[in-house]
Amino acid sequence: MRIPIIMTPGPTSVSENVRLKRAEKTTNPDLDINFYDFYKETTEKIGEFLKTKNQVRILSGEGILGLEAACASLTEKDDRVLVIENGIFGEGFADFVKMYGGNPFFFRGNRKCKISTEELGRFLDIDSNFKYATIVHCDTPSGMLNDIGDICGLLKSKGIMTVVDSVSAMGGEELKVDEWNIDIVIGASQKCISAPPGLTIVSISEDAFNAMKNRKTPIAAFYCNLLAWEDYYEKKWFPYTPPISDILALREAIENILKDKDMIVRHDKIASATRAAVVLGGLDIYIEDGFSNTVTVIKVPHGMNDEKILNYMKENYNVMIAGAFGYLKGKVLRIGHMGENARIDKVSYTLFALQRTLEHYGFEFKHDMTKVFLEKF
Ligand SMILES: *Cc1c(COP(=O)(O)O)cnc(C)c1O
């Protein structure tokens, strides 16, 4: 199989030390006491980069597992849950809330702009009777970054717990879980963390654990039950066998991140230079504000076909970028510049390949995107 350069908004490329780590010989993770220490230390290192003293757990399943587990563990029948949405993942939380018997109420934002904290504040002045609220940090299909710091602070001041999907932001954007009062934040191995897909990371506040303990009815799930993970270390008992090889690789990827002091700044520089290249080149960014530092979402030029563009880029330049789905299907092209892909060489080559491809289909650029990118970087 010919492996393309994957410049998609996840999964991202995995560095060699992480790949090799995954191949190492392993112990029995259920029975070997040393693995409990390794797992705990790994969660503490994750806590360090999430800036939290909250408990962190690594679960065996892709990011979606973390989203479902948060909703499964907090939701009881008829609970009122505020679903703050300005994109596909934001809206999707309502399905999990309903699945576990809750009652989702939407606060819908403009899908081209980040959620307005002022408007949300006015909404909450009228009704703030919600057990918890959900919001997406970076809604990846549109590349929308929400100000979760302000928003979670506001929600918490109204006594509402917060669940944040930071799957495509964690590691690439500022994230201060304690300062921002986030009760549950969810990440995944395959985005900015640049480990193979298969793990989700969840940080859980004391308030969130208390809410789970004070439920009137038991959590209607096993795999999605976060409470089952509360005392694993004291009990030396995991609810199921942890995927040890994946966790070894994740630990290596986390060590890479902790050593990389400029990671957030580099994402910011890469993203601004990418947006400048795209706009000066004559293309349009899909959203109007709230530009994420991990993915740039570009409108498909008028009269062109996204699939043809993606295939041509892959066939001729061996670069894979992404289209989108849902209401954005066929309308946008997405370049992921997150984690190991937030690198000057990879992004400049991707812009070169995209420019050549669009020129092939008749688009006339106003400026050379690679040149602009390199000048701005
Ligand atoms: C990638 C991603 C997830 C996980 O979804 P998959 O499509 O299964 O990879 C969840 N939330 C957001 C915002 C994501 O970008």
Side-chain angles (χ1 to χ4, degrees), residues 3-14 87-89 112 138-145 167-169 171-173 190-192 194 263 266-288 290-301 304-325 328-361 363 365-377:
I3 304 294
I5 302 165
I6 47 167
M7 294 300 289
T8 51
T12 54
S13 52
V14 177
I88 293 173
F89 282 101
K112 292 211 167 182
C138 168
D139 212 312
T140 334
S142 63
M144 178 73 69
L145 186 75
V167 172
S168 65
E173 307 280 359
Q190 84 277 23
K191 304 267 167 109
C192 311
S194 294
M263 187 156 170
R266 188 173 66 250
H267 277 79
D268 186 55
K269 279 172 72 182
I270 290 267
S272 330
T274 303
R275 288 193 295 271
V278 164
V279 171
L280 287 174
L283 295 166
D284 296 316
I285 305 264
Y286 184 76
I287 55 176
E288 289 160 14
F291 306 109
S292 100
N293 284 334
T294 57
V295 53
T296 294
V297 181
I298 305 164
K299 283 187 197 166
V300 174
M304 290 189 193
N305 176 280
D306 62 329
E307 280 178 28
K308 280 191 187 157
I309 295 166
L310 300 177
N311 286 334
Y312 190 91
M313 261 180 95
K314 187 157 163 283
E315 291 303 314
N316 294 280
Y317 298 97
N318 200 33
V319 182
M320 186 192 270
I321 62 168
F325 43 90
L328 290 170
K329 189 172 167 55
K331 295 193 178 139
V332 296
L333 301 168
R334 298 184 297 153
I335 301 175
H337 32 73
M338 54 176 79
E340 280 303 312
N341 293 346
R343 304 276 176 201
I344 188 167
D345 52 345
K346 290 186 184 170
V347 179
S348 54
Y349 178 66
T350 304
L351 291 170
F352 163 80
L354 177 62
Q355 177 153 343
R356 284 295 171 89
T357 301
L358 294 178
E359 280 168 353
H360 169 81
Y361 287 112
F363 191 84
F365 279 86
K366 295 198 184 109
H367 289 275
D368 184 78
M369 289 202 291
T370 311
K371 189 159 175 278
V372 176
F373 175 81
L374 292 171
E375 278 167 8
K376 297 278 174 182
F377 186 79

Distance in Å, [X] [atom1] paired with [Y] [atom2], rounded so as to fall on 0.5 Å steps:
{"X": "H337", "Y": "T294", "atom1": "NE2", "atom2": "OG1", "answer": "7.0 Å"}
{"X": "H360", "Y": "Y312", "atom1": "NE2", "atom2": "OH", "answer": "4.0 Å"}
{"X": "N293", "Y": "I270", "atom1": "CG", "atom2": "CD1", "answer": "10.5 Å"}
{"X": "I309", "Y": "K314", "atom1": "CD1", "atom2": "NZ", "answer": "15.5 Å"}
{"X": "L328", "Y": "D139", "atom1": "CG", "atom2": "CG", "answer": "9.0 Å"}
{"X": "Q355", "Y": "L283", "atom1": "CD", "atom2": "CG", "answer": "8.5 Å"}

Show the nearest heavy-atom pair for residues [X] and [Y], with the distance to one decimal.
{"X": "G143", "Y": "I287", "value": "O-CD1, 3.3 Å"}
{"X": "G339", "Y": "R266", "value": "O-NH2, 4.5 Å"}
{"X": "S292", "Y": "R275", "value": "O-NH1, 3.2 Å"}
{"X": "T370", "Y": "L351", "value": "OG1-C, 3.9 Å"}
{"X": "C138", "Y": "S168", "value": "O-OG, 3.0 Å"}
{"X": "Y349", "Y": "Y317", "value": "OH-O, 2.8 Å"}

### Query
Should we say atom CZ of R356 is surrounded by more than 12 heavy atoms from elsewhere, each under 6.0 Å from it?
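Incorrect, the count does not exceed 12.
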#### Entry: Crowding at NZ, K376 (>12 non-hydrogen neighbours, <6.0 Å)
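No, NZ of K376 has 12 or fewer neighbouring heavy atoms, counting only those of other groups under 6.0 Å.
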### Task
For side-chain contact (heavy atoms from CB on, under 4.5 Å), just list the numbers for T357 and N316, CA-CA rounded to whole Å, side-chain angles, deciding distance to a tenth of an Å, and then say yes or no.
CA-CA 9 Å; T357 301; N316 294 280; over 6 Å; no
#### Entry: With T350, the side-chain contact (heavy atoms from CB on, under 4.5 Å) member among I321, T274, N341
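With T350 as partner, I321, T274, N341 yield a single side-chain contact (heavy atoms from CB on, under 4.5 Å), made by I321.
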Side-chain heavy atoms of [X] within contact of [Y], under 4.5 Å:
{"X": "E173", "Y": "H267", "result": "no"}
{"X": "L354", "Y": "M369", "result": "yes"}
{"X": "I344", "Y": "F373", "result": "yes"}

### Task
Could you tell me if the ring centre of Y361 sits under 6.0 Å from that of F363?
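Not close enough - the centres of the two rings lie 6.0 Å or further apart.
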### Test side-chain contact (heavy atoms from CB on, under 4.5 Å) applied to V14 and E340, step by step
CA-CA 7 Å; V14 177; E340 280 303 312; over 6 Å; no
### Message
Would V300 and L333 count as a side-chain contact (heavy atoms from CB on, under 4.5 Å) here? Give the steps.
### Response
CA-CA 6 Å; V300 174; L333 301 168; 4.1 Å; yes
### Task
Answer yes or no: is there a donor N or O on one side and an acceptor on the other, between the side chain of R334 and the main chain of T140, under 3.5 Å?
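The answer is yes, because a donor-acceptor pair under 3.5 Å joins these two groups.
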### Message
Quick one: does any side-chain atom of K331 pair with a main-chain N or O of Y286 as donor and acceptor, under 3.5 Å?
### Response
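No: the side chain of K331 does not pair with the backbone of Y286.
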### Stepwise side-chain contact (heavy atoms from CB on, under 4.5 Å) test for F291 and V297
CA-CA 9 Å; F291 306 109; V297 181; over 6 Å; no
### Query
Does any donor atom in the side chain of S194 or T12 lie under 3.5 Å from an acceptor atom in the other side chain?
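Yes, T12 and S194 have a side-chain donor paired with an acceptor closer than 3.5 Å.
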